[in-house]
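Here's the structure we're looking at; comments come further down.
Since the model is a prediction, treat every value here as computed from it, not as a measurement. Per chain, numbering begins at 1; letters A, B, ... match sequence-line order.
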Protein chains: 2
Amino acid sequence: MTEPDSASGKSAPAGTSTLDLALRAVEYLVQQSRPAALAQIAEALSSSKATIYRHLVTLQRHGFVRQEPETGRYEAGIKLMVLGEALRQRFDIVSAARADLMTLRDHTGQAVTVCAAIDTELIVLELIQGRTLIEFATRPGTRLAFHASAHGKIWLAFGSKERTAAIADGPLQAWTPATIVTKEALLADLALVRERGWATAPDEVITGVNTLAAPVFDHRQTLVGSIAIVGATQFIPPTPDPDQIREVVGTAARISRGLTWQD
Amino acid sequence: MTEPDSASGKSAPAGTSTLDLALRAVEYLVQQSRPAALAQIAEALSSSKATIYRHLVTLQRHGFVRQEPETGRYEAGIKLMVLGEALRQRFDIVSAARADLMTLRDHTGQAVTVCAAIDTELIVLELIQGRTLIEFATRPGTRLAFHASAHGKIWLAFGSKERTAAIADGPLQAWTPATIVTKEALLADLALVRERGWATAPDEVITGVNTLAAPVFDHRQTLVGSIAIVGATQFIPPTPDPDQIREVVGTAARISRGLTWQD
DNA sequence: AAATGATGTTTCATTATATGAAATGAAACA
DNA sequence: TGTTTCATTTCATATAATGAAACATCATTT
């Protein structure tokens, strides 16, 4: 990121290697689908059993890791879930907007999601489930791609120009055949989004699913969130129903107005 | 430090003090509602700025911590949310049961929650929102009290006897005037729960809110989860409607049957 | 019933490396 | 301009992390 990297690939700036190893252990355990043996973790991280053991003890003491009582093996602890939820609640939008989002869900019948971009990540903060049995919508804590989601396009169209430039210049991964993968197509789509005030991404993330998103601004007119309805293309056509657009854009505007009062 | 433990209640067994400090820093940042200055964190943890700084650099590199670009202050990073979500998906019940839970929501109109106990914690794994505008239900990642929630009573009634004994003998905190706070009353209630196969907690966690919970077992007949409907007492009376009981207990049995097929 | 091979756990000498005080930037403020 | 308030870097010191190998448990196998 802010790395000159000085030719020799020797990038050992500040930081603590002990902590680094321990964090890698946590991430390793989260990735595993079943509890891992100590030796297995040590091997995966190219460290010794004793070292990993001591770190696991401390991690366990804090609840980041848990040990299966029967087998003695280690797995990720629920503290991560608890902290994740505590963190989620810090975002103004989710609490300020819940009632409006419920109304939007009831009016459209579709699932509603809220997203925010933090640095280089676009993350789902809130999900109000729809009424359909089959669930497409992404859950809080999920990361979305900027170029391949309706939420992402809102952030590229109305967010910081630096981010938009960086994303447009970078590689654009295709999730489906419909995903936008060229810079030109993306910029053209973003121009359209700016003009209309809403974005869609039919079949671009999952075939058969569409999302209709709109921006939420705070009192300084800076983008602080995006809201969207998510559903089968059958219910949200590539060019959505005018009623759907009115509902989503109207709800976003209402939430924005609510954020203006604060502060 | 370097203390041969014993004598002074402080037992410093295995573990890593460096890591311990860093984890405390993460927890501190999650607790704060706004970004914290380096010196503030160092002071709170009785450490030096330099030490904390180096740890924050490493934590940031892993996404556990983020630095506000404008002010340079530190706050918790979204990695915690992402890892929390990844962890949640590891539980069989949430994926195996979603369709049934949606149906339960649609039949009862109330919010549906799923819980599991891990060691000494009772945690919400899944939430299907109801159709009412006002939301009572707890979100995934929230911890519940064993003695003061319908989910908790299911775990005390059908879970391990050791846990039940430990909880019943410990202090029972009152959340509302209706919370059960004596061992006798709790054990009597649990006997009733075992007999009926379902549990309620009217007004016991929040006044005006009731929950109706039932147990989910796996193929070995061990308790692996609990499901419940949550709503205003107006909709879920202290003695729920027979239809509601049938729906919840029936859904739990259906999910249990689903888990039997696997493995 | 003894032996084997999985585990996790502890010990201990060795030195790598985390540490704190203070110096240095950098930026906002008055 | 000077002053305050931040984060960041430097550097000598010894704290505290480290790995190899021994130990302890528990199943499973012979």
Practice task
Please give the nucleotide sitting opposite dC11(D) as a Watson-Crick or G-U wobble pair, both distances under 3.5 Å, or none.
Solution key: dG20(C)
Distances under 3.5 Å only, N/O to N/O: pair up the protein atoms with those of nucleotides 5-8 of chain C.
residue: dG8(C); atom: OP1; partner: Leu38(A); partner atom: N; Å: 2.5
residue: dG8(C); atom: OP2; partner: Leu38(A); partner atom: N; Å: 3.1
residue: dG8(C); atom: N7; partner: Lys49(A); partner atom: NZ; Å: 3.3

Handout entry: Donor-acceptor contact below 3.5 Å, side chain Thr164(A) vs main chain Leu156(A)
Key = yes
Practice task
Using whole Å, report how far CD of Glu43(B) lies from P of dA7(D).
Solution key: 13 Å
Handout entry: salt bridge (charged side-chain N to carboxylate O under 4.0 Å, His left out) partners of residues 78-88 of chain B, not counting sequence neighbours, each pair once
Key = Glu27(A)-Lys79(B), Glu85(B)-Arg88(B), Arg88(B)-Glu126(B)
Handout entry: Phosphate-side-chain proximity, His55(B) and dT19(C), N/O vs OP1/OP2 below 4.0 Å
Key = yes
Problem - Where at least one partner belongs to residues 29-39 of chain A, residue pairs that pass side-chain hydrogen bond (donor to acceptor under 3.5 Å, both in side chains), sequence neighbours excluded - result: none
Problem - Donor-acceptor contact below 3.5 Å, side chain His147(B) vs main chain Gln173(B) - result: yes
Exercise for the section: Whole angstrom is fine here: how far is it from CG in Leu56(A) over to P in dA17(D)? Expected result: 15 Å
Problem - Separation of atom CD in Glu70(B) from atom C1' in dC6(D), rounded to whole Å - result: 14 Å
Practice task
Can you establish whether the number of heavy atoms outside Gln89(B) located under 6.0 Å from its atom CD is more than 12?
Solution key: yes
Problem - Pairs where residues 146-160 of chain B contributes a residue and the test salt bridge (charged side-chain N to carboxylate O under 4.0 Å, His left out) is met, not counting sequence neighbours - result: Lys153(B)-Asp189(B), Lys153(B)-Glu204(B)
Practice task
Return no unless some side-chain N or O of Thr16(A) is found under 4.0 Å from OP1 or OP2 of dA18(C).
Solution key: no
Problem - Distance, rounded to the nearest Å, where Leu21(B) contributes CG and dA18(C) contributes P - result: 12 Å
Practice task
Please indicate whether Arg143(B) has more than 12 foreign heavy atoms, meaning atoms of other residues, nucleotides or ligands, lying under 6.0 Å from its CZ.
Solution key: no
Fill in the blank from the handout: Between CD of Glu75(B) and P of dA7(D) the distance, given in whole Å, is 13 Å
Practice task
Could you check how far CZ of Arg54(B) sits from P of dT10(D), rounded to whole Å?
Solution key: 12 Å
Exercise for the section: Could you check if a side-chain atom of Val216(B) sits within less than 4.5 angstrom of a side-chain atom of Val114(B), using non-hydrogen atoms only? Expected result: no
Practice task
Go ahead and name the base partner of dA28(C); Watson-Crick or wobble counts if both distances stay under 3.5 Å, otherwise write none.
Solution key: dT3(D)
Exercise for the section: Take the protein atom CG of Leu19(A) and the nucleotide atom P of dT18(D), then report the distance between them rounded to whole Å. Expected result: 11 Å
Handout entry: Atom-pair distance (CZ on Arg66(B); C1' on dA7(D)), nearest Å
Key = 16 Å
Handout entry: Selection: residues 23-32 of chain B, any non-hydrogen atom under 4.0 Å of DNA chain D
Key = none
Handout entry: Phosphate-side-chain proximity, Ser17(A) and dA18(C), N/O vs OP1/OP2 below 4.0 Å
Key = yes
Handout entry: Side chain Gln60(A), main chain Val65(A), donor-acceptor under 3.5 Å
Key = no
Practice task
Consider the side chain of Ala50(B), meaning its heavy atoms from C-beta on, and name the nucleotide among dT10(C), dG20(C), dA16(D) that approaches it most closely.
Solution key: dG20(C)
Exercise for the section: List in chain and number order the residues that pass salt bridge (charged side-chain N to carboxylate O under 4.0 Å, His left out) with Arg73(A), two or more places apart in sequence or in another chain; answer none if no residue qualifies. Expected result: none
Exercise for the section: Indicate whether OP1 or OP2 belonging to dT18(D) is found under 4.0 Å from a side-chain N or O atom of Thr18(A). Expected result: yes
